[in-house]
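These notes concern the structure reproduced below.
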Amino acid sequence: MAADRAGAPPRAWQRMLSGRRLDLLDPSPLDVEIGDIAHGLARVARWNGQTSGDHAFSVAQHSLLVEDIFSIIAPDASPDARLTALLHDAPEYVIGDMISPFKSAVGGGYKAVEERLQRVVHIRFGLPADTADRLKQDIKRADQIAAYFEATKLAGFSVGEATQFFGRPRGFSPETFDLACKPAKTIQTLFLKRFAELEGLKAS
């Protein structure tokens with residue numbers, strides 16, 4: 001990225017529509033807004049946009065799907081745990097959704113940025129900065145089930161390919177979930193609605 005002016009260091013912050021400036025190198029929870037997250041994630045395409053349908057299958061729609069699957073895997077999970085599942089890809093509102101092959105190509109340097117952002121998102125919304133291992137495993141399982149259904153129903157993967165990369169879900173049917181790709185504004189609204197519901201459960 002070019003410097004803002006001669007001799008100045010490269011800009012490391014992004015301006016959000018809320019007016020916040022989020023510094024990727026030193027992010028602050030004070031600069032994290034759920035409206036910016038919902039807006040961004042609803043416009044970031046999963047699978048680099050290589051999905052069927054008139055609209056991209058967005059990271060926001062994927063996040064709703066993962067939280068839905070997680071609630072089946074862990075029906076007694078707390079609102080905090082469900083909110084953690086909903087926000088599991090929140091950093092992608094800033095850094096985008098890098099597909100696994102690209103991550104393999106560039107190495108793990110991006111991971112430090114992603115982890116910093118994830119921690120400040122959690123702190124902003126009253127969640128533990130670091131997710132407990134068991135919860136992380138359950139969310140990862142939900143994420144892989146979602147990826148399998150997305151891969152086979154939307155992204156052109158064969159069952160064999162998807163099973164190789166994500167594992168084949170047992171006890172879950174894609175018909176249980178809404179995989180129809182929806183417009184960004186619709187998903188943005190649904191994401192914010194679910195966030196508000198979980199926040200309400202936390203407060204009750």
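Since this is a predicted model, take the numbers as computed values, not measurements.
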Group every Ile, Leu, Val, Met, Phe, Trp and Tyr by side-chain heavy-atom contacts under 4.5 Å, then state whether [X] and [Y] land in the same group.
X    : Y    : answer
F165 : Y148 : yes
F195 : V59  : yes
L154 : F166 : yes
I123 : L87  : no
I139 : L201 : no

Of the non-hydrogen atoms in [X] and [Y], which two are nearest, and what is the gap between them?
X    : Y    : answer
H62  : E150 : ND1-OE2, 2.6 Å
A85  : V66  : O-CG1, 4.3 Å
F172 : R141 : CE1-NH2, 3.8 Å
S158 : T152 : O-CG2, 4.1 Å

- Message: Nearest 0.5 angstrom please: L41 CG to F191 CZ, how far?
- Response: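 Answer for the CG-CZ pair, L41 versus F191, is 5.5 Å.
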Going by heavy atoms in the side chains, are [X] and [Y] under 4.5 Å from each other?
X    : Y    : value
F70  : L86  : no
T176 : S173 : yes
F177 : I72  : yes
F149 : L179 : yes
M16  : L22  : yes

Donor-acceptor check, side chain of [X] to backbone of [Y], threshold 3.5 angstrom: yes or no?
X    : Y    : result
R43  : H39  : yes
D178 : A180 : yes
E115 : A112 : no
R168 : I145 : no
D23  : D26  : yes

Under a 4.0 Å N-O cut-off, is there an ion pair linking [X] with [Y]?
X    : Y    : result
E197 : K193 : yes
R21  : D31  : no
D130 : R119 : yes

- Message: Testing the 3.5 Å rule here: is there a donor-acceptor pair between the side chains of Q61 and R46?
- Response: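 R46 and Q61 do not have a side-chain donor-acceptor pair below 3.5 Å.
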- Item | Under 3.5 Å side-chain donor-acceptor pair for D36 and S18 |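 Distance-only check passes for D36 and S18.
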- Do the ring centers of H88 and H122 come within less than 6.0 Å of each other?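 No, the ring of H88 stays outside the 6.0 Å limit from the ring of H122, centre to centre.
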